[in-house]
Amino acid sequence: MTTTTNVRVRFAPSPTGFFHVGGARTALYNWLVARQNNGSFLLRIEDTDRDRSEDQWTEGIVNALSWLGITWDEGPFHQSERHALYNDAITRLIANGHVYACNCTREEIDARIKARQTPGYDGFCRDRNLEPGPGKALRFRVPDSGTTTVHDLVRGDVEFANSTIEDFVIVKSNGDPLYVLAVVVDDIDMAITHVIRAEEHLPTTPKAILIWHALGDIPLPAFAHLPVLVNEKRQKLSKRRDRVAVEDYRDLGYLPEAIINYLCLLGWAPNDGRELLTVEEMILEFRLEEVNKSPAFFDEKRLDHFNGLYIRALAADEFVRRAMPFISNDQVPWTKNQFDQEQFFALAPLIQERITTLGEIPNYIKFLFSDPYVIEEAVFEKAILKDETGVEILRAARSAFADAAFDHEPLKDILISIGEQFDKKLSKTQAPIRVATMGSPVGLPLFESLVVLGRSKVLARIDDAILIAERSR
RNA sequence: GGCCCCAUCGUCUAGAGGCCUAGGACACCACCCUCUCAAGGUGGAGGCACGGGUUCGAAUCCCGUUGGGGCUACCA
């Protein structure tokens, strides 16, 4: 694709709901093509349907793309602001006879379809020479014979018999242009060279081509129809049915670079098996012609894997920088005053190597800041009350911790020797201490955590645990 | 129903007629490492939808079947 013409692509979402990962993948592929050709990436908001478009969704699209690092060179354009352009095209299409006015109602059309047993509009108004105007839609006069071929970069040539294409509406009876017209007019106006979009648009492409030709002798762009992303039931991802909004993943603590990497691999892969790709490598190596033809399942498990890898690859200071929004929001189980940044920093490296999303961080450090401090009854029961030695271990540790050097090696040695008294392995001995001080049988390494928690809190919590244990006896 | 697209482990994929006894990754299982949990390491199980061709030779090419999907609006 190292052409002499300037490559211009566009991402053209409709602002009718959450911006989902399928749209992000389409945007990414467009963006990669633009970047690898030193071309331009345009953002165009397809809001010709005023009833369904809302500003909040446009905002969501813009925010999500920015967050992902998919930058646009021109736009965002809004089709709702470009009516003059469409009207001009409509005037020309009326003048050259490619469209005609139609006042059939849906009911009438359906009744005739039922009677004829053939689908599609029957061309009732084709030769009635109705005067175009309010209350009448405009339909495109599709040739009765011949074929329209879509030359598709990922699918090859796809042929449509014109006889199977109905005379479709391009302008509503209220004068608003329809998507299929607006897209063509805009793509021509914006000199788009590559139309890269999801496969669901393939059936309307011959219509677009017909309009294209009707508008004059204008070279067609290259088309590329990407396989759709599907859910576990292998249905096209839908913003209504599937919770896959890009912003949700951001809020859950996924890294944009991990999402980009994963999305890039959904439908394309380098042939040497590499999976961790930098954006630079994607730009260099991605090929539209190599994109797969079949639908791909958006597998959150696999995304998790990539996210974990990317989190672990972060430099320590970068990790805490990215973590901050997730530990200083108002959903966290501690107050601003209770939070101690230094304590978090001290444990951060240990957290970094065991999480898959940044949203998991609070759970790992709530034992430090959360107050009052609560231990689940069942957990307490299992780790401390289960047998006699539970409390004994707590007592022994309590007295040894009181005047030990409070560092992880000495603390560990103490627990090992306590374990020897009771003939228990360290893995068993640590459990009651862990639950008493950290509130959970699983979590960060114990001794490092105790050091950061501090001697006084550790002793106090062990005292509390002993007290509760004695009371419940 | 009509038009169109698609078909390699459960999932994402490598594979452009001999390099395929089909490779990698996620998930799964086992073991190792280990203060818990992870992470990491090693190993394992698991696939060319089916049937016909073409060819000396087919996961790869052709046809059909089956299965899945998309579209079928005065939505995009």
Side-chain angles (χ1 to χ4, degrees), chain A residues 12-16 46-49 51-53 79 102 104-106 109 117-120 136-139 150 152 154-155 158-161 163-166 168-180 182-183 197-206 225 227-228 230 232-236 262 265-276 292-306 308-309 312 350-356 360 364 383 408 411-412 415-416 419 425-431 433-435 438 440-449:
Chain A
S14 62
T16 55
E46 313 249 300
D47 54 355
T48 53
D49 187 350
D51 295 340
R52 298 205 312 151
S53 303
Q79 292 191 319
C102 167
C104 296
T105 64
R106 189 68 240 173
I109 295 169
Q117 304 269 342
T118 350
K136 276 168 274 184
L138 251 32
R139 285 183 183 274
V150 178
D152 194 290
V154 344
R155 280 154 218 287
V158 183
E159 296 192 343
F160 295 84
S163 58
T164 64
I165 305 172
E166 66 175 344
F168 54 93
V169 175
I170 62 165
V171 179
K172 296 190 201 182
S173 52
N174 69 4
D176 283 352
L178 245 18
Y179 159 84
V180 65
V183 164
R197 62 207 337 181
E199 189 196 346
E200 66 208 65
H201 295 285
L202 187 50
T204 69
T205 305
H225 287 95
V228 292
V230 298
E232 62 287 339
K233 290 160 76 181
R234 302 214 73 86
Q235 298 165 311
K236 182 179 76 164
Y262 175 62
L265 261 23
L266 236 34
W268 176 81
N271 54 18
D272 60 5
R274 271 148 58 242
E275 297 203 313
L276 247 31
N292 287 126
K293 299 178 183 70
S294 40
F297 169 53
F298 184 81
D299 187 354
E300 231 169 75
K301 287 260 179 59
R302 199 162 146 80
L303 206 213
D304 283 346
H305 170 249
F306 278 96
L309 291 180
R312 269 166 256 130
L350 297 174
I351 299 170
Q352 185 176 0
E353 65 187 42
R354 61 202 83 213
I355 57 172
T356 60
E360 295 163 27
Y364 276 99
H408 55 96
L411 294 178
K412 184 177 180 181
L415 226 55
I416 290 174
K425 283 186 180 169
L426 185 52
S427 63
K428 297 292 179 192
T429 321
Q430 58 98 38
I433 311 290
R434 174 183 292 280
V435 168
M438 300 175 72
S440 167
V442 299
L444 263 17
L446 178 63
F447 307 110
E448 286 84 346
S449 301

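Predicted model only: the values in this text are computed from it and were never measured. We name chains A, B, ... by the order of the sequence lines, and we start the count at 1 in each one. What's counted below: heavy atoms across the whole structure, side chains too, no hydrogens, waters or symmetry copies.
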Among the candidates [options], find the nucleotide nearest to the side-chain atoms of [X].
X	options	answer
A:S173	B:C74, B:A76, B:C35	B:C74
A:L426	B:C35, B:C71, B:C74	B:C35
A:E200	B:C12, B:C71, B:C26	B:C71
A:A296	B:A76, B:C12, B:C74	B:C12
A:R354	B:A76, B:C37, B:U11	B:C37
A:S294	B:U36, B:C6, B:A27	B:C6
A:E199	B:G69, B:C12, B:A38	B:G69
A:P203	B:G2, B:C74, B:G70	B:G70

Looking at every strand, decide which applies to [X] at a 4.0 Å heavy-atom threshold: base, sugar-phosphate, or nothing.
X	result
A:G267	sugar-phosphate
A:L444	base
A:S53	nothing
A:R434	base
A:F160	sugar-phosphate
A:Y179	base
A:L265	sugar-phosphate
A:Q117	nothing
A:E448	base
A:D51	nothing
A:R312	sugar-phosphate
A:H201	base
A:A269	sugar-phosphate

Test for a donor-acceptor pair under 3.5 Å between the base of [N] and the side chain of [X], counting only N and O atoms.
X	N	answer
A:R155	B:C5	no
A:E275	B:G24	yes
A:R302	B:A25	yes

Does any part of the side chain of [Y], heavy atoms only, come nearer than 4.5 Å to the side chain of [X], both counted from C-beta?
X	Y	value
A:I165	A:P206	yes
A:L350	A:Y364	no
A:L276	A:F306	yes

Expressed as a whole number of Å, how far does the [atom1] atom of [N] sit from that of [M]?
N	M	atom1	answer
B:U72	B:U65	C1'	25 Å
B:G24	B:G41	P	15 Å
B:A38	B:C75	C1'	47 Å

Need the pair for [N]. Rule: Watson-Crick or G-U wobble, both distances under 3.5 Å, any strand; none if unpaired.
N	answer
B:C71	B:G2
B:A49	B:U65
B:C33	none
B:G10	B:C26

Using OP1 and OP2 only, check whether a side-chain N or O of [X] sits under 4.0 Å from [N].
X	N	answer
A:K236	B:G70	no
A:N292	B:A14	yes
A:S440	B:C37	no
A:R234	B:C12	yes
A:R139	B:C74	yes
A:K172	B:C75	yes

**Residue pair A:D152, A:L202: steps toward the side-chain contact (heavy atoms from CB on, under 4.5 Å) verdict** = CA-CA 9 Å; A:D152 194 290; A:L202 187 50; 4.3 Å; yes
Starting at atom [atom1] of [X], determine the distance to atom [atom2] of [N], rounded to an integer number of angstrom.
X	N	atom1	atom2	answer
A:R274	B:C12	CZ	P	22 Å
A:K293	B:U8	NZ	P	12 Å
A:I355	B:A38	CD1	C1'	11 Å

**Polar contact flag, side-chain donor to acceptor under 3.5 angstrom, A:T205-A:R197** =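 Side-chain D/A pair, A:T205 to A:R197: present.
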**Request:** Decide if atom NZ of A:K172 counts as having more than 12 heavy atoms of other residues, nucleotides or ligands within a radius under 6.0 Å.
**Result:** yes
**Message:** Apply side-chain contact (heavy atoms from CB on, under 4.5 Å) to residues A:L415 and A:F447 and explain how you reach the verdict.
**Reply:** CA-CA 10 Å; A:L415 226 55; A:F447 307 110; 3.8 Å; yes
**Message:** Strictly below 4.0 Å, N to O, side chains only: are A:R155 and A:E199 in salt-bridge contact?
**Reply:**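 Yes, this pair counts.
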